[in-house]
Amino acid sequence: MNLQTPNLDRDPTRAEAEAALALLRRWAGDVTAEEVATLDPLVSRLIPGQEVSNYPALARAYPDAFEVDDAYKETMPDLQNGPSSLIKGTKQQIQHVGISNFRLPIRFHTRDGGDLTLETSVTGTVSLDAEKKGINMSRIMRTFYKHTEETFSFDVIERALDAYKTDLESFDARIQMRLSFPMKVQSLRSGLTGYQYYDIALELVEQDNVRRKIVHFDYVYSSTCPCSLELSEHARQFRGQLATPHSQRSVARISVQLEDGQSILWFEDLIDMARAAVPTETQVMVKREDEQAFAELNAANPIFVEDAARLFCEQLLKDPRIGDFRVVASHQESLHSHDAVSVLTEGNTFASDSIDPKMFATLFHVG
């Protein structure tokens with residue numbers, strides 16, 4: 001079929017356009033997609049069944065030899081750093097935006113002068129101005145990798161925070177690092193030793209040009225109910241009836257803010273404070289003599305959840321390095337199908353009228 005168009009300057013008629021379209025579709029149906037793309041990539045959109053396609057036939061093999069230069073980088077889109085006109089929703093300041101559970105090995109000092117390399121989960125966030133579209137998340141990770149060869153302390157965390165706060169042009173910033181800290185402990189009577197693992201988090205918060213250094217620490221212990229203990233003894237004394245007081249695995253989450261000018265609060269120091277407050281820490285290595293000793297230790301230290309909170313508080317108040325703090329205790333009862341809980345705060349840092357609905361649910365120690 002030949003289309004004769006003697007006067008190309010005139011406007012074609014609809015009939016001529018329909019005939020041309022039919023011819024183009026017939027041709028496209030008999031050739032490869034590459035040939036269609038060579039003619040014009042947009043032609044593929046005129047073929048029935050491919051109307052939504054914008055793309056020509058693209059290379060499918062990974063280009064190993066391709067290298068990115070500065071000129072190419074300049075052509076790449078960056079939506080997160082785009083103009084405020086790209087913002088979806090209301091133009092409102094965001095208090096926290098960043099990354100969570102970014103994991104890498106971090107080296108920490110121990111109180112005895114040694115070092116431990118531990119897998120650490122990092123959460124890094126910054127505030128976002130109402131007129132800014134977003135942040136470059138990868139900059140937070142790159143900043144941390146710059147410091148991975150250092151032994152971490154609050155001083156190092158501060159340098160990391162300074163770096164990504166500058167990179168992201170933010171006014172507030174936060175870093176939290178979660179880890180499981182191993183500490184060798186001895187059994188009560190047999191002389192065996194084993195490793196106890198403590199869930200610990202370091203947090204550095206800068207808000208309104210004020211920095212706060214915070215340590216969070218979970219302590220797992222056994223709590224024997226004083227009331228149940230007395231009732232069991234009553235049954236033995238008055239009725240000759242064997243009875244067992246109820247005790248249960250319990251968890252205290254202790255959060256402390258370091259006083260201004262303080263940069264070191266050893267993990268081991270916090271653990272010692274918790275043991276001094278409530279000595280019935282769960283055991284690692286146990287023989288029969290240790291199990292008996294643990295029963296005796298529990299009987300010598302029966303506590304309600306209110307007692308636990310106040311005993312931890314008593315120890316924390318003694319340390320001049322510690323300012324504001326919070327104690328959240330959960331006794332996961334073997335008597336009841338619910339838990340006994342308490343929250344005690346000192347100072348304004350952790351004071352809150354509202355409680356996270358899942359706060360106590362996170363206190364379960366799964367072993």
**OP:** Report the relative orientation of the aromatic rings in His336 and His338; use parallel for angles under 30°, tilted for 30 to 60°, perpendicular for over 60°.
**Re:** parallel
Original post:
Would you find a donor on one side and an acceptor on the other, under 3.5 Å apart, between the side chain of Gln332 and the backbone of Gln248?
Top reply: no
Original post:
For Ile106 and Met177, what are the C-alpha separation, side-chain angles and deciding distance, and is it a side chain to side chain contact (heavy atoms under 4.5 Å, CB included)?
Top reply: CA-CA 10 Å; Ile106 295 289; Met177 301 169 62; 4.0 Å; yes
**OP:** Please step through ring pair (Phe, Tyr, Trp, His ring centres under 6.0 Å) for the pair Phe325 and His216, ending with a clear verdict.
**Re:** CA-CA 10 Å; Phe325 60 81; His216 306 274; over 10 Å; no
Subject >> Donor-acceptor contact below 3.5 Å, side chain Glu16 vs main chain Thr13 >> reply: yes
**OP:** Please examine the side chains of Ser228 and Leu335, heavy atoms only from C-beta on, and report whether any two atoms are closer than 4.5 Å.
**Re:** no
Original post:
Between Thr125 (side chain) and Thr123 (backbone), is there a donor-acceptor pair under 3.5 Å?
Top reply: no
**OP:** Flag yes if Val185 and Ile200 sit in one hydrophobic cluster, no otherwise; membership is Ile, Leu, Val, Met, Phe, Trp, Tyr, and two members link when side-chain heavy atoms are under 4.5 Å apart.
**Re:** yes
**OP:** Provide the full list of salt bridge (Lys or Arg N to Asp or Glu O under 4.0 Å) pairs with a residue in residues 207-227, sequence neighbours left out, each pair given once.
**Re:** Glu158-Arg211, Glu158-Lys213, Asp162-Arg211, Glu206-Arg211, Asp218-Arg253
Original post:
Any link between Phe217 and Val284 through a network of hydrophobic side chains (Ile, Leu, Val, Met, Phe, Trp, Tyr) touching at under 4.5 Å?
Top reply: yes
**OP:** Taking the side chain as every heavy atom from C-beta outward, state whether Val122 and Asn101 have any atom pair closer than 4.5 Å.
**Re:** no
**OP:** Write down the atom of His331, the atom of Ala308, and the distance for their closest heavy-atom approach.
**Re:** NE2-CB, 3.9 Å
**OP:** Look up atom NE2 in His96 and atom OG in Ser127, then write down how far apart they are to the nearest 0.5 Å.
**Re:** 9.0 Å
Subject >> Side chain Thr224, main chain Ala299, donor-acceptor under 3.5 Å >> reply: no
Original post:
Hey, is CD on Gln176 packed in by over 12 heavy atoms from elsewhere, all under 6.0 Å?
Top reply: yes
Subject >> Joint hydrophobic cluster, Leu204 plus Leu104, side-chain heavy atoms closer than 4.5 Å >> reply: yes
Original post:
Between Glu203 and Arg174, is there a side-chain N and carboxylate O pair less than 4.0 Å apart?
Top reply: no
Original post:
Do Phe312 and Ile254 have side-chain heavy atoms sitting under 4.5 Å apart?
Top reply: yes
**OP:** Test Phe360 against Asp339 for side chain to side chain contact (heavy atoms under 4.5 Å, CB included), laying out the working first.
**Re:** CA-CA 9 Å; Phe360 300 115; Asp339 303 331; 5.8 Å; no
Original post:
Which residues pass the salt bridge (Lys or Arg N to Asp or Glu O under 4.0 Å) test with Lys133, sequence neighbours left out?
Top reply: none
Original post:
Cut-off 3.5 Å, side chains only: do Glu268 and Thr110 have a donor facing an acceptor?
Top reply: no
**OP:** Please check if Leu265 and Leu116 belong to a single hydrophobic cluster, counting links between Ile, Leu, Val, Met, Phe, Trp and Tyr side chain heavy atoms closer than 4.5 Å.
**Re:** yes
Original post:
Does the side chain of Val341 come within less than 4.5 Å of Val328's, by heavy atoms?
Top reply: no
Subject >> Separation of Gln262 CD from Asp319 CG (nearest 0.5 Å) >> reply: 8.0 Å
Subject >> Sequence neighbours excluded, every pair satisfying side chain to side chain donor-acceptor pair (under 3.5 Å) that has a member inside residues 301-314 >> reply: none
**OP:** Would you indicate whether the side-chain heavy atoms of Tyr198 and Ser180 approach each other to under 4.5 Å?
**Re:** no
Enumerate donor-acceptor pairs with a distance under 3.5 Å from any side-chain N or O in residues 342-349 to protein atoms, sequence neighbours excluded.
residue: Ser342; atom: OG; partner: Val305; partner atom: O; Å: 3.2
residue: Thr349; atom: OG1; partner: Gln257; partner atom: OE1; Å: 2.5
residue: Thr349; atom: OG1; partner: Asp324; partner atom: OD2; Å: 2.6

Original post:
For Glu18 and Arg14, what are the C-alpha separation, side-chain angles and deciding distance, and is it a salt bridge (charged side-chain N to carboxylate O under 4.0 Å, His left out)?
Top reply: CA-CA 6 Å; Glu18 289 176 349; Arg14 180 181 177 86; 3.0 Å; yes
Original post:
Taking all non-hydrogen atoms of both residues, which atom of Glu333 and which atom of Ala340 are closest, and how far apart?
Top reply: OE2-CB, 3.7 Å
**OP:** Determine the minimum heavy-atom distance between Ala130 and Ile87, stating which atoms define it.
**Re:** O-CD1, 3.5 Å
**OP:** Provide the closest heavy-atom pair for Val256 versus Ile322 in the form atom of the first, atom of the second, distance.
**Re:** CB-CG2, 3.9 Å
Original post:
Got Ile157 and Leu202 here, is their nearest side-chain heavy-atom distance under 4.5 Å?
Top reply: yes
Original post:
Side chains of Tyr219 and Thr282: does their closest heavy-atom pair fall under 4.5 Å?
Top reply: no
Subject >> For Glu131 against Ser84, the heavy-atom pair lying closest together >> reply: O-CB, 3.2 Å
Original post:
With Val126, which of Ile94, Asp172, Val97 fulfils side chain to side chain contact (heavy atoms under 4.5 Å, CB included)?
Top reply: Val97
Subject >> Distance in Å, Ile135 CD1 paired with Ile99 CD1, rounded so as to fall on 0.5 Å steps >> reply: 8.5 Å
Subject >> Ion pair check, Glu296 and Arg189, cut-off under 4.0 Å >> reply: yes
Original post:
Got a second to check how far Ser187's OG is from Asp290's CG, nearest 0.5 Å?
Top reply: 4.0 Å
Original post:
Would you say the side chain of Asp115 lies within less than 4.5 Å of the side chain of His109, judging by non-hydrogen atoms?
Top reply: yes
Subject >> Shortest non-hydrogen contact between Ala277 and Gln315, atoms and distance >> reply: CB-CG, 3.7 Å
Original post:
After noting the C-alpha distance and the side-chain angles of Thr120 and Phe108, does the key distance pass the side chain to side chain contact (heavy atoms under 4.5 Å, CB included) rule?
Top reply: CA-CA 10 Å; Thr120 304; Phe108 296 91; 3.5 Å; yes
Original post:
How long is the span from the CG atom in Asn298 to the OG atom in Ser247, to the nearest 0.5 Å?
Top reply: 5.5 Å
Original post:
Under 6.0 Å between ring centres, would you say that holds for Phe66 and Tyr72?
Top reply: yes
Subject >> Step-by-step side chain to side chain contact (heavy atoms under 4.5 Å, CB included) determination, Ile271 to Met183 >> reply: CA-CA 9 Å; Ile271 293 166; Met183 187 172 177; 3.6 Å; yes
Original post:
Do the charged groups of Asp269 and Arg111 touch, with an N to O distance under 4.0 Å?
Top reply: yes
Original post:
How long is the span from the OG atom in Ser121 to the CZ atom in Arg178, to the nearest 0.5 Å?
Top reply: 4.0 Å
**OP:** Check whether the ring centres of Phe267 and Phe181 lie less than 6.0 Å apart, and answer yes or no.
**Re:** yes
Original post:
Thinking salt bridges, do Lys358 and Asp356 make one under a 4.0 Å N-O criterion?
Top reply: no
Original post:
Under a single-linkage definition using a 4.5 Å side-chain heavy-atom cutoff for Ile, Leu, Val, Met, Phe, Trp and Tyr, are Val286 and Leu188 assigned to the same hydrophobic cluster?
Top reply: no
Got a list of side-chain donor-acceptor pairs under 3.5 Å for residues 235-244, not counting sequence neighbours?
residue: Arg236; atom: NE; partner: Glu233; partner atom: OE2; Å: 3.4
residue: Arg236; atom: NH2; partner: Ala243; partner atom: O; Å: 3.1

Subject >> With Val31 via side chain to side chain contact (heavy atoms under 4.5 Å, CB included) - residues at least two apart >> reply: Trp27, Glu35, Val36
